[in-house]
Protein chains: 2
Amino acid sequence: MHANVKQNVVPLITPGLKVACSQCNLRELCLPFGLSDDDMGRLDHLIGGGRKLKRGHYLYRAGDPFESIFAVRSGFFKTDVLTEDGRDQVTGFQMAGEILGMDGIGTEVHTCNAVALEDSEVCLIPFTELEMLSSEIHSLQHHLHKVMSREIVRDHGVMMLLGTMRAEERLAAFLLNLSQRFSARGYSPAEFHLRMTREEIGSYLGLKLETVSRAFSRFQDEGLISVQQKHIRIVDIPRLKTLLAPTDGRIG
Amino acid sequence: MHANVKQNVVPLITPGLKVACSQCNLRELCLPFGLSDDDMGRLDHLIGGGRKLKRGHYLYRAGDPFESIFAVRSGFFKTDVLTEDGRDQVTGFQMAGEILGMDGIGTEVHTCNAVALEDSEVCLIPFTELEMLSSEIHSLQHHLHKVMSREIVRDHGVMMLLGTMRAEERLAAFLLNLSQRFSARGYSPAEFHLRMTREEIGSYLGLKLETVSRAFSRFQDEGLISVQQKHIRIVDIPRLKTLLAPTDGRIG
DNA sequence: TTGTTGCATTGACAATTATCAAAGAGGTGC
DNA sequence: GCACCTCTTTGATAATTGTCAATGCAACAA
């Protein structure tokens, strides 16, 4: 089998963590966005508590019955799809405030795996109950739709990346995306720790790990970033951005 | 500017077509799936009529305010994303019974273009009203969520294709996908007319049009399909499928 | 018919990325 | 500290796909 994340087979999750949207500093990034205090209280009621996951453990696996979606409270996840013939595609990396598990709604079964890339915590949001509550709270319903729609738009961005960009462009886009998301969470946009391996980055970007590694090295040689294993410092964000708008074949 | 679809600038749509889900032979494929007669009647009420589009005309464009989603009644569409720097990625091809426009929910603005690749008809589904109705009809709400979730899962499949497959595998997957969808609509799974150009196929598959053309020719040489311009006949579906499960690096 | 236009095919060659292989770095447990 | 393990880096070479260019084909209009 592929050098997949870890050797554990059972999704070792620890129940019983007390959580409340109304107390959560991620609420503006997450599902309760825009709710009144009153409605937020009703959402608190519904959240099925939290779960802690150790690094390498699965939040869910392809084939698991779908019951809940999850909000990342802390930590870092990847989702990937594994086909019968051994193909493995990382479909995303999720960090605090982001929602996981919406792939399972359509089939009632999860269609990808979600793995913690570091020790993490999630909130469990039972989906049937979320639907019930969202038919009473219009803003919750609408926000759920927005979250799903944004996931579709994000996927389109990945298709664009995979379909039209070259290796270095893909990596630049990836770094800038991480930078922006860390920044939105109050962390440095210029300096961060990668939670995933070169192979996982490569899988996400449709490249082999060696190609990812070489692109990192090239960026470093050109003074765009500084890399030390998983530690990244972006030295020149503007110039990194120009890598994405290449030959300047502009129109108007 | 790129050899984009057509020279029209205004989305020339013709309003006033009378439609009713309850009378529609696509209802089992489309949004009203699973509704009672009674609820279907309420959905009929909400559908904002139909629109006809001539080939080459836009159903919506990136930047248009989002108001409705659309169900394809007949015809064939493509959606694509165009970036400032001139990249163009086809994100999907849609046929009868499929839903268009969900990309716009999250931002209240459409994020891609939808173009008719042949003369087509769509049903217009005002989204705010759909949300209102779906908070009253649980099965409608749930089905909407399923439709959105399946779009996410479909996108994951495209990522897998773009991230892990080689040119011929991508084209085989593409043909088999079309075949299956035509089949589900009562058309021949083995013989059909492509509505899109080689360039559009290439954009969808992350390949150049020449590569697509060469792959078609190779398939024909090997007796898998017969190609004459846009007319395709799949001669050997099983063997085409084996192209997707390649080196047989199976596990168990 | 003939010319025009857009799309498709094919060939020769170049660029990009993958593959294979070896060595280096860093962390963990003993 | 030392051994082990995983991950990363780098080089040499091969495979795949892109690029450029020419020709072919089909539909359509004059």
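Bear in mind the structure is a predicted one, so any value in this text is a computation, not a measurement. Naming convention: chains lettered A, B, ... in sequence-line order (proteins, then strands); numbering from 1 in each chain.
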- Message: Within the structure provided, determine whether A/E151 and B/E151 are in side-chain contact (heavy-atom separation under 4.5 Å).
- Response: no
- Item | Earlier contact from the 5' end, DNA chain C, for B/M196 and A/Q228 | B/M196
- Item | Short side-chain N/O contact from A/R198 to OP1 or OP2 of D/dC7, under 4.0 Å | no
- Task: Kindly state which residues belonging to residues 201-218 of chain A come within less than 4.0 angstrom of DNA chain C, counting heavy atoms of the residue only, listed by number.
- Result: A/G206, A/L207, A/K208, A/E210, A/T211, A/R214
- Item | For atom CD1 of B/I225 and atom C1' of C/dT9, their distance in whole Å | 14 Å
- Do B/R61's NZ or CZ and the ring of B/Y58 fall within the cation-pi criteria of under 6.0 Å and 45°? yes
- Item | Between D/dT17 (C1') and A/R166 (CZ): distance, integer Å | 12 Å
- Euclidean distance, atom CD of residue A/E169 to atom C1' of C/dT16 [Å, nearest integer]: 12 Å
- Message: Using whole Å, what does the distance between atom C1' of nucleotide D/dT6 and atom CD of A/E200 come to?
- Response: 12 Å
Compile the donor-acceptor pairs under 3.5 Å between side chains in residues 203-215 of chain B and protein atoms, sequence neighbours left out, one pair per line.
| residue | atom | partner | partner atom | Å |
| --- | --- | --- | --- | --- |
| B/S203 | OG | B/D88 | O | 3.2 |
| B/S203 | OG | B/V90 | N | 2.8 |
| B/Y204 | OH | B/R154 | NH1 | 3.4 |

- Message: In whole Å, I'd like the distance from the CZ atom of A/F219 to the P atom of D/dT8.
- Response: 17 Å
- Message: Side-chain N or O of A/K230 versus OP1/OP2 of D/dT8: is the shortest distance under 4.0 Å?
- Response: yes
- Task: Give the rounded distance in Å between these two atoms: CG of A/L171 and P of D/dT8.
- Result: 13 Å
- Item | Salt-bridge contact A/D119-A/R55 (side-chain N to carboxylate O under 4.0 Å) | no
- Query: Whole-Å distance between C/dA8 P and B/R195 CZ?
  - Reply: 14 Å
- With B/T83, which residues qualify under side-chain hydrogen bond (donor to acceptor under 3.5 Å, both in side chains), at least two apart? B/D85
- Query: Where does the angle between the aromatic ring planes of A/Y60 and A/H110 fall among parallel (under 30°), tilted (30 to 60°) and perpendicular (over 60°)?
  - Reply: parallel
- Query: Can you check the B/E199 CD to D/dT19 P distance for me, whole Å?
  - Reply: 12 Å
- Any sub-3.5 Å donor-acceptor pair from A/R51's side-chain atoms to A/G49's backbone N or O? no
